Structures are given as structure tokens and as C-alpha cells.
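Contents: one structure, followed by commentary.
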Amino acid sequence: MNYWLMKSEGDCYSIDDLKRDKTTAWSGVRNYQARNFMRDHMKKGDMVLFYHSNSKPTGVYGIAKVTVNAHADETQFKKNGEYYDPKSTHENPRWQCVDVGFVKKFKEPVTLDQIKFEDSLAGMMVRNRGSRLSIQPVSEKHFKIIEELAK
DNA sequence: GCCAACGTTGGC
DNA sequence: GCCAACGTTGGC
């Protein structure tokens with residue numbers, strides 16, 4: 001089983017939205033590296049740190065899990081939609097996404113400040129300045145530490 | 001809202 | 001295949 005961190009802008013799609021929806025297709029990712037993680041490495045049952053970027057405070061707000069393996073991202077075919085990709089075809093879809101389900105929301109978020117402060121979390125990608133990758137692999141150790149910090 | 005860092009595009 | 005220009009991300 002693998003562990004991940006998925007970013008979402010807090011005011012765009014938050015952990016509360018996921019709680020309400022119970023499950024959602026992680027569509028709209030238009031970055032090849034992030035797509036490759038979803039397509040090739042994320043599997044049903046993998047655990048996900050749900051991270052809010054551009055929010056106050058920024059940090060991990062809860063936990064989600066992968067509920068459906070990668071499949072074509074429908075938003076790429078929606079003309080006039082924000083995520084429409086004219087170069088993509090149904091025969092050979094360019095973008096894929098997994099579905100994620102709600103697991104829990106932390107009482108208090110584990111903030112980016114905390115993550116940077118904890119020596120035991122050295123090496124987490126999200127600590128790097130300018131780390132724009134919206135889906136990042138996380139080690140089991142780091143995942144568990146974040147979970148502990150939330151208690 | 002600013003701006004540095006990054007990814008992508010497109011001309012050559 | 002290089003690289004400048006551009007658009008986007010995301011912390012502050």
C-alpha cells in the first residue's frame with residue numbers, strides 16, 4: 001500500500017466538500033507528473049493526506065483514501081468546460097484520475113509551519129519551497145507522524 | 001495582491 | 001532539442 005499527499009485549494013474543494021460528497025473523482029489534474037502518479041501508482045486502498053493550499057492556515061486538513069483506480073477524466077471532453085482538452089480523444093484519453101473517499105477530518109489541521117518545524121518530517125516534498133506538484137508520494141513513516149500530530 | 005519558482009509552449 | 005516567453009501555482 002502507498003501513501004500520498006493531494007493538494008486542493010481550500011476554497012475550491014475542501015475536506016468539508018469531500019465529507020459531504022463522501023467520494024469524488026479527482027479530476028482536473030493537468031500536470032503529467034501528477035497524472036502519472038494517479039495512473040501508474042495509486043491503487044484502491046492507498047491512503048491520502050488531504051492538503052489545503054492557498055488557505056489559512058495552509059496544511060493537512062484530514063485523510064482520504066483511494067476508492068477507484070485510475071480512469072479517464074471526463075472533464076477533458078467537456079467543451080466549454082474549464083478543463084477541456086481539445087487534443088484528447090475518447091479512444092486515447094490524455095488525462096486520467098482516481099476517485100478518493102472521505103476518511104476523516106482533523107480537529108485541527110497539521111499546518112505547513114508544523115510540518116517544517118518537525119525534524120522527523122525532513123524530506124517531505126511539501127516542505128520544499130516552490131513545490132508545485134499537486135500529488136506527491138509520502139512515506140508511511142511521514143504519513144503516520146502527521147496522523148499523530150493531528151491528535 | 002505580490003512575486004518567485006516552476007511547467008509548458010512554440011519558434012527556430 | 002534548445003531556450004525565451006508565457007501562464008500558473010502557492011506561500012507569504
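Just so it is clear, the structure is predicted and the values come from calculations on it, not from any experiment. Naming convention: chains lettered A, B, ... in sequence-line order (proteins, then strands); numbering from 1 in each chain.
A straight line from CD of A:Gln136 to P of B:dG7 spans 12 Å, rounded to a whole angstrom. Distance, A:Met125 CE to B:dA5 C1': 14 Å, rounded to whole Å. Spacing between atom CG of A:Asp113 and atom P of C:dC12 amounts to 7 Å, rounded to whole angstrom units. The separation between A:Tyr83 atom OH and C:dG7 atom C1' is 15 Å, rounded to whole Å. Distance, A:Asn36 CG to B:dG7 C1': 14 Å, rounded to whole Å. Rounded to a whole Å, the CD atom of A:Glu9 is 15 Å from the P atom of C:dC12.
Scored by the side chain to side chain donor-acceptor pair (under 3.5 Å) test, A:Thr58 finds A:Tyr51 as partners (sequence neighbours excluded). Under the salt bridge (charged side-chain N to carboxylate O under 4.0 Å, His left out) criterion, A:Asp113 pairs with no residue, sequence neighbours left out. Applying the ring pair (Phe, Tyr, Trp, His ring centres under 6.0 Å) rule to A:Tyr61 yields the partners A:His52; only residues at least two apart in sequence or on another chain are considered. Shown here are the salt bridge (charged side-chain N to carboxylate O under 4.0 Å, His left out) partners of A:Glu147, two or more places apart in sequence or in another chain: A:Lys104.
Remark: the backbone N or O of A:Ile115 is not paired with any side-chain donor or acceptor of A:Glu118 at under 3.5 angstrom.
Note: A:His90 and A:Phe77 have parallel aromatic rings, judged against thresholds of 30 and 60 degrees for the angle between ring planes.
For the segment residues 50-60 of chain A, the set of residues with a heavy atom within less than 4.0 Å of an atom of DNA chain C comprises A:Tyr51, A:Ser53, A:Asn54, A:Thr58, in numerical order.
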Under 3.5 Å between N/O atoms: give me all the protein pairs with nucleotides 8-10 of chain B, atom names plus distance.
none

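Just one residue in the list A:Leu149, A:Val138, A:Val110 forms a side-chain contact (heavy atoms from CB on, under 4.5 Å) with A:Leu121, and that residue is A:Leu149.
Taking CZ of A:Arg35 as the start and OG of A:Ser134 as the end, the distance is 12.5 Å to the nearest 0.5 Å.
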